[in-house]
Amino acid sequence: MQILLQPPRDERHAWLAALAGALPDAAISLWPDAPATPDYALVWKPPADLFARARPAKAIFNLGAGVEVLLAIPALPDGVPVIRLEDAGMAAQMGEYVTLAVLRAYRELDAYAAQQRAGRWQPRPPIAKPAFGVGILGFGVLGRAVADALAPFGFPLRAWSLSRQRSPGVESFVGRAELGSFLAATQALVCLLPSTRETRGLLDRAAFAALPRGAHVVNVARGDIVVDEDLIAALDCGHLAGATLDVFRTEPLPSGHPFWHHPQVTLTPHVSAVTLIEDAVLQVAGKIRRLERGEPVTGIVDRARGY
Ligand SMILES: NC(=O)c1ccc[n+]([C@@H]2O[C@H](COP(=O)([O-])OP(=O)(O)OC[C@H]3O[C@@H](n4cnc5c(N)ncnc54)[C@H](OP(=O)(O)O)[C@@H]3O)[C@@H](O)[C@H]2O)c1
């Protein structure tokens, strides 16, 4: 079995060692070495010429959960399944990160930090929990993990997706028709949507206006789902209380971008849920073994839907 491996550049040797350990009988080529027709390719943001040089025969594995960069490559071969990572150690990380951001907003720690800087001792009235709805945009592998992580805290949980979801304790909203009522009672909005034709630019002026005054936005999905100027305007006019942002339209975030020094923005450099090499390799190797036995696998991307 021939495998082409094109992992993030600075992690090449760790990926190679892990994959060789998991699939000892495979012949692994580390990009830019590339067999013309490998059985499988494992790629991360591949260069445009990768699929001109190598045409994987059986499957292409994306070494992350989001596939928008891969699907945008014109030379991506048709008729070969594209398979993404499902959880692979990311769900627990996402649960931690979002719980931290939601609790920080609910307990108003940013307001207390401002009071501390001003030397002001001023208890704030507690926020009634039933009034603090947490809305999760995207209720897939990671959205569900976030709902599970938040469940013990007792916030009203709501989720927005394309298809109706049945999950105890989570109110389901579907499609554009129900987006307005989803947003209207969402005090903390968590974005875990894929970046697709349908979702890019979704969080714009109108969406922010539909949130209640004082809401907080957490974007841990992709930067292009948010319209940056509209978010800044909604923060500046006092409609939104704050934003926690892990992902950006351009990464690294350019040094002059207003998010860097905005007093109501907390940002991190795309670290909310990173790909863990050992977990990812175990998942991919398990799926390769299943495919070799002619068995079905999960995580196949629907190219028409874009996720
Ligand atoms: N910041 C980070 O470090 C990091 C790490 C990993 C992943 N991510 C991002 O997180 C995203 C989600 O990952 P995942 O594994 O949870 O994906 P997933 O399992 O594919 O879930 C996607 C969810 O979004 C919903 N959805 C898609 N398009 C929609 C639309 N137009 N309207 C309403 N709902 C829509 C889907 O609805 P249905 O359930 O009806 O299909 C599904 O619930 C990834 O695509 C990636 O961009 C970020």
Side-chain angles (χ1 to χ4, degrees), residues 8 44-45 61-72 82-101 135-150 157-167 170-183 186 189-204 207 217-226 243-249 251-253 266-277 279-280 283 297-307:
W44 177 242
K45 297 185 180 167
F61 287 91
N62 186 58
L63 300 179
V67 290
E68 72 286 355
V69 172
L70 182 57
L71 296 190
V82 169
I83 303 173
R84 69 188 192 89
L85 287 185
E86 301 171 279
D87 180 357
M90 286 184 276
Q93 298 173 64
M94 205 52 107
E96 293 160 3
Y97 185 100
V98 173
T99 301
L100 188 62
I136 304 168
L137 288 167
F139 203 55
V141 173
L142 299 178
R144 283 174 179 276
V146 161
D148 289 346
L150 286 169
L157 297 177
R158 36 217 288 117
W160 186 71
S161 50
L162 269 185
S163 54
R164 185 72 63 198
Q165 304 291 323
R166 314 231 170 270
S167 183
V170 181
E171 193 179 354
S172 171
F173 294 80
V174 170
R176 295 273 175 162
E178 296 179 15
L179 183 60
S181 43
F182 166 83
L183 293 171
T186 289
L189 179 70
V190 178
C191 180
L192 268 167
L193 289 165
S195 168
T196 68
R197 242 188 344 262
E198 304 296 323
T199 65
R200 287 190 268 275
L202 177 82
L203 296 182
D204 62 0
V217 171
V218 182
N219 186 15
V220 281
R222 285 293 183 264
D224 58 6
I225 299 171
V226 168
T244 302
L245 306 174
D246 183 52
V247 288
F248 304 92
R249 286 177 174 261
E251 294 182 1
L253 184 65
T266 299
L267 65 82
T268 48
H270 202 142
V271 292
S272 54
V274 300
T275 297
L276 302 176
I277 297 173
D279 298 52
Q283 184 174 104
V297 297
T298 58
I300 296 179
V301 171
D302 180 333
R303 295 196 194 193
R305 286 192 315 187
Y307 72 99

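When a residue number appears, it is its place in the shown sequence, counting from 1. Counting starts at 1 for both ligands and their atoms, following the listed order.
Geometrically, ligand 1 and Phe139 share a nitrogen or oxygen pair separated by less than 3.5 Å. Considering backbone and side-chain N/O of Val141, one or more are found under 3.5 Å from N/O of ligand 1. Ligand 1 has an N or O atom lying under 3.5 Å from an N or O atom of Gln165, backbone or side chain. Where the criterion is an N or O separation shorter than 3.5 Å, residue side chain and backbone included, Ser163 meets it with respect to ligand 1. In terms of N/O distances under 3.5 Å, ligand 1 is approached by Asp246.
Between Arg84 and Val141, the closest side-chain pair of non-hydrogen atoms falls below 4.5 Å.
For atom 26 (N) of ligand 1, the closest heavy atom belonging to the protein is Leu193 CD2, 3.7 Å. Of the protein's non-hydrogen atoms, the one nearest atom 3 (O) of ligand 1 is Ala273 O, 3.0 Å. From the protein, the heavy atom lying nearest to atom 2 (C) of ligand 1 is Ser272 OG, 3.3 Å. Closest protein heavy atom to atom 37 (O) of ligand 1: Leu162 N, 3.3 Å. Closest to atom 48 (C) of ligand 1, if we only count protein heavy atoms, is Val220 O, 3.1 Å. Closest to atom 10 (O) of ligand 1, if we only count protein heavy atoms, is Leu192 CD2, 3.8 Å. Looking only at heavy atoms of the protein, atom 21 (O) of ligand 1 is closest to Gly140 CA, 3.2 Å. Remark: minimum distance from atom 7 (C) of ligand 1 to any protein heavy atom is reached at Leu142 CD1, 3.4 Å.
Here the shortest heavy-atom pairing between Leu202 and Trp160 reads CD2-CZ3, 3.8 Å. When all heavy atoms of Leu63 and Trp44 are compared, the closest pair comes out as O-CE3, 3.5 Å. For the residue pair Ala147 and Phe139, the shortest heavy atom distance occurs at CB-CE1, 3.7 Å. When every heavy atom of Val174 is checked against every heavy atom of Ser172, the shortest pair comes out as CG2-OG, 4.1 Å. Of all the heavy atoms in Thr196 and Arg305, the pair that sits closest is CG2-O, 3.7 Å. Between Asp279 and Gly89, the shortest heavy-atom contact is OD2-CA, 3.9 Å.
The Ala221 neighbourhood of ligand 1 comprises atoms 9 (C), 47 (O), 48 (C), with distances under 4.0 Å to a heavy atom of that residue. For ligand 1 and Glu198, the ligand atoms under 4.0 Å from any heavy atom of the residue are 31 (N). Interface atoms of ligand 1 facing Val247, defined by a heavy-atom separation under 4.0 Å, are 1 (N).
If you look at Val67 next to ligand 1, there are no close heavy atoms at all, none under 4.0 Å. When heavy-atom distances to ligand 1 are checked against a 4.0 Å cut-off, Glu86 has no atom that comes that close, whether in backbone or side chain. Residue contacts with ligand 1, taken as heavy atom pairs separated by less than 4.0 Å, do not involve Thr196 at all.
Ion pair Arg164/Glu178 flagged as a salt bridge, since at least one NZ, NE, NH1 or NH2 atom sits closer than 4.0 Å to an Asp/Glu carboxylate oxygen.
In the model, Tyr97 has a side-chain atom that pairs as donor or acceptor with a side-chain atom of Thr268 under 3.5 Å. Inspection of the Glu86 and Thr298 side chains reveals an N or O donor paired with an N or O acceptor under 3.5 Å.
Under the salt bridge (charged side-chain N to carboxylate O under 4.0 Å, His left out) criterion, no residue pair touches residues 189-204, with sequence neighbours excluded.
Partner of Arg249 under the side chain to side chain contact (heavy atoms under 4.5 Å, CB included) criterion, out of Asp224, Ile225, Val226: Asp224 alone.
Look at Met94 and you'll find a heavy atom under 4.0 Å from some atom of ligand 1.
Distances from atom 17 (O) of ligand 1 to the heavy atoms of Arg200, Arg84, His270 put Arg84 nearest.
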